[in-house]
There are 2 protein chains.
Amino acid sequence: MYENSKTPKFLMTTKSIRIKDIAKLAGVSEGTVDRVLHNRGNVSIIALNKVNSVLNEIHYKPNLLARSLGRARNFKVSVLIPEPKTDAYWEEVNSGIIQASAEWENYGVTIDPFYYVHDGELSLELIANRSLNAKPDGMVIAPIFYPQALHVFSRLQELGLPYVLFNTNIPESKPLSFIGQDLFQSGMLAGQLMSIGNITREDILILHIGESIKDSVYLMEKEKGFREFYEKNVHHPVSITSINLDVNESLFKQNLEDMVKDKKITGIFVSTSKPVSTVAQIIQENSRQGIRLIGYDMLPENKNYLKNGWISFLINQNPKRQVIQGISHMVNHLLFNKHVPCTELFPLEVITQHNVDSYITSGIH
Amino acid sequence: MYENSKTPKFLMTTKSIRIKDIAKLAGVSEGTVDRVLHNRGNVSIIALNKVNSVLNEIHYKPNLLARSLGRARNFKVSVLIPEPKTDAYWEEVNSGIIQASAEWENYGVTIDPFYYVHDGELSLELIANRSLNAKPDGMVIAPIFYPQALHVFSRLQELGLPYVLFNTNIPESKPLSFIGQDLFQSGMLAGQLMSIGNITREDILILHIGESIKDSVYLMEKEKGFREFYEKNVHHPVSITSINLDVNESLFKQNLEDMVKDKKITGIFVSTSKPVSTVAQIIQENSRQGIRLIGYDMLPENKNYLKNGWISFLINQNPKRQVIQGISHMVNHLLFNKHVPCTELFPLEVITQHNVDSYITSGIH
DNA sequence: TTGAAAGCGCTAACAT
DNA sequence: ATGTTAGCGCTTTCAA
């Protein structure tokens, strides 16, 4: 038999020790201890040593509640995302902002959303400047347009304003933190899902569909991962064709329909979230149930087609939780001086007909 | 074109209003306002009305930091789980307890784990009593043994101690909150994963493996879901056999091996988490790569077999996060008087060879 | 460079 | 039934 596990030693908490206690032990005032704890300077080397030697003895855990209450300051953070009206994906994100806003209101933190579009007077850069007027203490940004974003970051760095990025990473901008997914791996996963159970020839279409797809280098990561999966793991004959489509082109729908009608096609992988349902609709209209369709995110439309079986798998990018997490990191930094991870890659969640409801009701997603 | 979205009105926060403000507006003292806010009684109907009418005018959001700081009280919560040494699953849970413990230490909350085994002097009931000696303010319990658990709950109800359950639900015990998964749906999902891409005859084994499997009615839920999926959705011939195995039986391994060697078998669904790797090992030893194996949870062993391809899918029950969430609910209740959901069903996460790493590195899981 | 003291918003004990 | 007040642990200002 085994011995019974005891409560681990380090969990045994005695009465927690306060700044006042440290001050007494070190023979200095509370003010001095505070100065040492936060490296505020103006401390004699001798006092510093006295305090530090006490600090080394004991395991001081500051009371975070008291800390932020004592600071007696209301923080503001601005959140910058693309205009939600254009896309159900950003609508999701926006609802996350609202949720986070309610949550942090209790801690005296105000969250202000700002929305940008590609250019004109609502460009990221202009909106960023506008948001700066509110004198925020930090920013949370989804920087989907690369060149504009760079200007904004250098501006923020000048001002010394901390910012966290989500959705799209721009590593050279050195944000406080980035929240997103590993896109290459996401493509690999899509490949695996596409191939499950298939043992004969496959004809696959990869569709990159969007407004100005040409700039979206990051979608290529997904495609690379997808192709890599097939190269490494699949041994029967496979043909993979990738196509960029602009939703604003006149023949967009017609082109799509022609592709779907092609009897050879066995699977379609759509690299973005909103257009999946369009493809699903066309598949349904043409009764092409043989096609395995894989796409992104549980947008309302997508959920319906998934439940009906016209979409086989969705990979969830968790837009809502990404922004909530981003805001949470920013606030933890501001309010509690907590360390936040510089990159947080979300899990690649596989959504099918039979677990989609469990995601919807769970609330934590 | 569309109009640009503005920051929603209700997010516009002006300087937040305090109890002191309400008191002034209502023409009463802070104490009275506090009494009204918390229904502490001892308030004249006239004062009550004055305060309430002010409360109706304004949107009072209490400062939670100040509230719990002002209460100046350190909460203790006990967590009761099966002995972790017996099972990697509970080891996971235990690491969740340690994580939660570190997190809440900052808020002056102490988390004390206690471990029980099926019976003897370490039974749930006895351990529960022992944990009561520490005078906890709440309990978080994984009640895997039904009859013993009932006694504990009635004891806790007598004492008026709040408790939240996770992992296994006992609805009639009326806990503050339950965290777990929909087991029937979990079985359905397993069925779907088992059937993907299959178009010819399937011979499937459902294996319920454990220490005292006979009592575990809840595993039947998974089986029911699994069978239901096949009945409703699959039209080619299928044979499903379910078997209960006790790991302590002498011929346990031998029996298992005989089953795996059966050339007809196309798939195996193991309804618990630890034994999956044992089955995977036997499949590997007998080179039965044709068998699709589905089981539960990302235990270290399971992860390896998943990566090597001997396990096809794992459904993640998220043991670690379940307990963290349970503790979080308990603390939110105690510390902030926050409303906690009476049931929280976790999403049914599908883990494959190509997203397992994304789950491991993500940290939030 | 230091210590003393006044908050932060809320709770709870104590007079009245 | 009501008002007053002394904390909670930390930050920050101000005087020494």
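Just so we're clear, the structure is a prediction, and the values are computed from it rather than from any experiment. All chains are named by letter (A, B, ...) in the order of the sequence lines, taking the proteins before the strands, and each is independently numbered beginning at 1. When reading the values below, keep in mind they use all heavy atoms of this one structure, side chains included, and skip hydrogens, waters and symmetry mates.
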[X] side-chain proximity, nearest of [options]:
| X | options | result |
| --- | --- | --- |
| A:V43 | C:dT2, D:dT2, C:dG3 | C:dT2 |
| A:D34 | C:dG9, D:dT2, D:dT11 | D:dT11 |
| B:R40 | D:dC10, C:dA12, C:dC10 | C:dA12 |
| A:R18 | D:dG9, C:dG3, D:dA1 | D:dG9 |
| A:E30 | D:dT11, D:dT2, D:dG9 | D:dT11 |

Rounded to whole Å, how long is the line connecting atom [atom1] of [X] with atom [atom2] of [N]?
| X | N | atom1 | atom2 | answer |
| --- | --- | --- | --- | --- |
| B:K24 | D:dG3 | NZ | P | 14 Å |
| A:K20 | D:dT11 | NZ | C1' | 14 Å |
| B:I19 | D:dT5 | CD1 | P | 17 Å |
| A:H38 | D:dG9 | NE2 | P | 16 Å |
| A:R73 | D:dT12 | CZ | P | 9 Å |
| B:D21 | C:dC10 | CG | P | 9 Å |
| B:L335 | C:dC10 | CG | P | 15 Å |
| A:F336 | D:dG9 | CZ | P | 17 Å |

Margin query: Is it the case that the base of C:dG3 and the side chain of A:R35 share a donor-acceptor contact (distance under 3.5 Å, atom types as modelled)?
Written below: yes

Margin query: Both A:R67 and B:A47 contact DNA chain D. Taking the nearest nucleotide for each, which residue is further toward the 5' end?
Written below: B:A47

Item checked: First encountered from the 5' end of DNA chain D, between B:S29 and B:R71 -> B:S29

Which part of the nucleic acid, if any, lies within reach of [X] when heavy atoms closer than 4.0 Å are counted: base, sugar-phosphate only, or nothing?
| X | answer |
| --- | --- |
| A:L69 | base |
| B:N63 | sugar-phosphate |
| A:Y60 | sugar-phosphate |

Check: Quick one: is D:dG3 close enough that its OP1 or OP2 comes under 4.0 Å of any side-chain N or O from B:T32?
Finding: yes

Notebook entry, point to check: Taking only N and O in the side chain of B:S68, is any of them less than 4.0 Å away from OP1 or OP2 of C:dC10?
Noted result: no

Note to self: Could you check whether A:R130 makes a cation-pi contact with A:F114, meaning its NZ or CZ is under 6.0 Å from the centre of the six-membered ring and within 45° of the ring axis?
What the structure shows: no

Next item on the list: Calculate, to the nearest 0.5 Å, the distance between atoms CG and CD belonging to B:L150 and B:E172 respectively.
Entry: 6.0 Å

Margin query: Are the side chains of B:V164 and B:H333 in contact, using a 4.5 Å heavy-atom criterion?
Written below: no

Note to self: Closer than 4.0 angstrom, basic N to acidic O: yes or no for B:K76 and B:D112?
What the structure shows: no

Note to self: With nearest nucleotide decided by heavy atoms, which residue, B:L65 or B:G31, maps closer to the 5′ end of DNA chain C?
What the structure shows: B:L65

Next item on the list: Of all the heavy-atom pairs spanning A:K50 and A:G27, show the shortest one and how long it is.
Entry: NZ-O, 3.9 Å

Margin query: We want to know whether A:R18 and A:N63 form a side-chain donor-acceptor pair, criterion being a heavy-atom distance below 3.5 angstrom.
Written below: no

